2 protein chains.
Amino acid sequence: MLKVVGKDGGGEVRSMSDSMTNGDAPPETIGDMGSDEAAPKARRGTGRRLHGAIAHKLGAAIVSGEYRPGDTLSGEVAFSEALDVSRSAYREAVQVLSAKGLVESRPKTGTRVLPRSRWNLLDPDVLAWAFSGEPDIHFVRSLFELRAIVEPAAARLAAERRNKTDLKEMRDALGAMRRHTLATDAGRAADRDFHNAVLAATRNDALVVLTASIGAAVAWTTQFKQRSRALPRNPVPDHVKVYDAIAAGDVEAAGEAMRLLVDLALEDTRSAMEG
Amino acid sequence: MLKVVGKDGGGEVRSMSDSMTNGDAPPETIGDMGSDEAAPKARRGTGRRLHGAIAHKLGAAIVSGEYRPGDTLSGEVAFSEALDVSRSAYREAVQVLSAKGLVESRPKTGTRVLPRSRWNLLDPDVLAWAFSGEPDIHFVRSLFELRAIVEPAAARLAAERRNKTDLKEMRDALGAMRRHTLATDAGRAADRDFHNAVLAATRNDALVVLTASIGAAVAWTTQFKQRSRALPRNPVPDHVKVYDAIAAGDVEAAGEAMRLLVDLALEDTRSAMEG
DNA sequence: TCCTTTATATTACTCCGACATATTAGTTTG
DNA sequence: CAAACTAATATGTCGGAGTAATATAAAGGA
């Protein structure tokens with residue numbers, strides 16, 4: 001099971017407006033899988049609690065399009081029985097989904113999947129769920145576009161506000177990137193460290209949080225890059241250019257260097273996903 | 001019972017200038033408000049469920065700095081009794097907070113407030129909690145800075161990709177802004193509609209979601225603007241400039257006009273908050 | 001002396017069954 | 001025909017019992 005249900009055809013996502021208004025095929029209640037089939041038994045993987053596993057399962061099913069906006073989940077009792085968990089665990093999972101804007105529960109009406117516009121797509125968990133299956137190329141493009149907007153601006157701010165400590169952390173991360181390659185976990189961690197150091201140098205909490213989310217999503221896509229072919233180019237020189245500009249306090253150069261960096265990453269990922 | 005447990009002295013978050021500045025008083029276990037005082041009875045306001053009210057209460061207390069990172073909440077039983085609610089309701093509230101990255105619950109250790117860096121500060125609810133009390137000026141600055149980065153870029157994209165429907169929505173919103181002023185709810189709604197229309201024209205989901213969050217936060221600050229003095233200038237002409245540029249497909253002009261718009265809003269809000 | 005292993009106590013986690021409340025849909029009454 | 005009322009249904013809330021996990025302390029071995 002778990003097949004992709006054709007997502008959005010590409011165009012209808014924007015601006016709430018319709019969402020619910022699918023002319024045909026009235027929303028149906030879902031979750032009535034019980035029957036004879038052996039219960040899915042989405043039992044928890046180590047570390048994760050039971051309600052967390054349920055939330056992951058349902059969340060992934062929702063963002064992957066298996067449950068569509070407007071659909072209403074079968075009642076708490078029925079669904080919890082179908083999942084073979086207690087009603088409490090199921091309810092706590094639904095609260096999590098509700099907190100992330102994926103569903104809304106009301107008495108008598110039941111629990112319904114909210115329109116895409118209400119989803120907290122920048123929530124780290126939601127992003128993880130979105131990338132746990134086949135990621136939507138259109139959405140990945142949106143993320144990179146956002147990254148291409150935010151990160152160069154962050155580099156500009158960093159060039160203005162960085163101090164010695166920030167620069168030292170960037171240098172350390174760069175050194176780690178040289179020692180390991182992007183093919184290793186340590187190398188990717190160093191890459192994240194570098195970008196985090198740049199973000200931290202902006203002295204802007206909102207930027208840090210936002211790019212943490214984007215960075216997590218981008219980290220997923222780098223897996224795809226690895227999957228399709230060996231890493232295509234040495235990323236260190238481009239990072240060094242960013243560092244040099246920030247260290248020199250050259251605002252324009254920092255923004256430009258970072259823009260180049262993000263563009264290259266997008267190019268790599270796109271060719272990897274489309275190819 | 002209920003004595004100090006505090007762990008990390010608070011230094012590990014680094015960066016982000018510890019906003020809520022209370023220097024002293026080591027982390028304590030909290031929730032021991034019971035005693036003689038009449039129970040706070042954070043009973044639900046209409047429409048909001050009980051666990052939602054608890055989550056709101058706790059969330060606001062956390063982001064306002066009343067409970068600090070590293071603090072550990074007194075146990076489920078104790079805290080739920082202190083709040084005079086069942087454990088189920090309390091637990092569901094904690095699940096919500098956990099989903100937003102504010103706390104983490106583990107057996108034996110209890111529920112602890114996570115460092116600021118793990119909070120989903122861009123979550124609409126978290127933002128609402130942050131602005132339910134006295135908003136942190138430094139954080140507001142961060143938000144406006146982010147807005148100053150994202151919205152002009154969004155306007156540029158909108159100038160490239162807008163279609164007739166997008167333009168019509170912007171015109172309608174502008175008309176509504178003219179009829180009502182920013183002093184009325186309808187006027188503020190029209191303002192949001194205009195910005196949402198611009199965002200929708202970018203065809204970028206991530207941008208839409210992000211700016212929805214920021215816009216919600218900005219809406220809170222406009223209340224502060226209203227509070228301090230009558231609205232200082234007529235915002236419609238500036239919005240019209242943005243519209244004209246987008247309608248003309250002039251990328252540079254659109255970005256510049258939007259930059260001006262955000263700068264003015266920041267200026268107004270800053271003077272209102274500082275004055 | 002230091003590290004590893006085991007035991008234990010505390011805490012969250014899960015489950016269950018019952019009742020309360022809210023909201024919709026149908027029915028009745030004016 | 002419309003408005004008020006009643007009933008059905010699903011979520012919301014409750015309290016308690018038992019399980020699983022983990023940090024701390026104790027015991028054992030190197």
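Since the model is a prediction, treat every value here as computed from it, not as a measurement. Here is the naming used below: chain letters follow the sequence lines, and residue numbers restart at 1 for every chain.
To the nearest 0.5 Å, the span separating CD on B/Glu76 from OG1 on B/Thr111 amounts to 6.5 Å.
Within residues 90-104 of chain B, no residue has any heavy atom closer than 4.0 Å to DNA chain D.
DNA chain C forms stems at C:1-30 with D:1-30, each a run of 3 or more consecutive Watson-Crick or G-U wobble pairs whose two key distances fall under 3.5 Å.
For CZ of B/Arg118, the number of neighbouring non-hydrogen atoms (other residues, nucleotides, ligands) closer than 6.0 Å is 12 at most.
A close approach under 4.0 Å does not occur between any side-chain nitrogen or oxygen of B/Arg106 and OP1 or OP2 of C/dA12. Dashed line: the shortest gap from a side-chain N or O of B/His51 to OP1 or OP2 of D/dG12 is not under 4.0 Å. Dashed line: the shortest gap from a side-chain N or O of B/Ser86 to OP1 or OP2 of D/dT13 is not under 4.0 Å.
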Would you tabulate the nitrogen or oxygen pairs shorter than 3.5 Å linking the protein to nucleotides 8-10 of chain C?
{"residue": "C/dT10", "atom": "O4'", "partner": "B/Lys108", "partner atom": "NZ", "Å": "3.4"}

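Taking atom CD of A/Glu81 as the reference point, atom P of C/dC15 lies 12 Å away to the nearest angstrom.
Within 3.5 Å, a donor on the side chain of A/Arg87 pairs with an acceptor on the base of D/dG12, or the reverse.
With contacts defined as side-chain heavy-atom distances shorter than 4.5 Å, the pair A/Arg91/A/Ser98 does not qualify. With contacts defined as side-chain heavy-atom distances shorter than 4.5 Å, the pair B/Arg116/B/Leu121 qualifies.
Here the shortest heavy-atom pairing between A/Leu207 and B/Leu146 reads CD2-CD1, 3.8 Å. A/Ala176 and A/Ala190 get closest at one heavy-atom pair: CB-CB, 3.6 Å.
By the 30° and 60° cut-offs, the orientation of the rings of B/Trp129 relative to B/His56 is perpendicular.
The ring pair (Phe, Tyr, Trp, His ring centres under 6.0 Å) check on A/His195 picks up A/His239, with sequence neighbours excluded. Every residue two or more places apart in sequence or in another chain that forms a side chain to side chain donor-acceptor pair (under 3.5 Å) with B/Lys168 is listed here: B/Asp172. Remark: B/Ala212 engages no residue in a side-chain contact (heavy atoms from CB on, under 4.5 Å) (not counting sequence neighbours).
Backbone-only contact: B/Ser105 has heavy atoms under 4.0 Å from sugar-phosphate atoms and none from a base.
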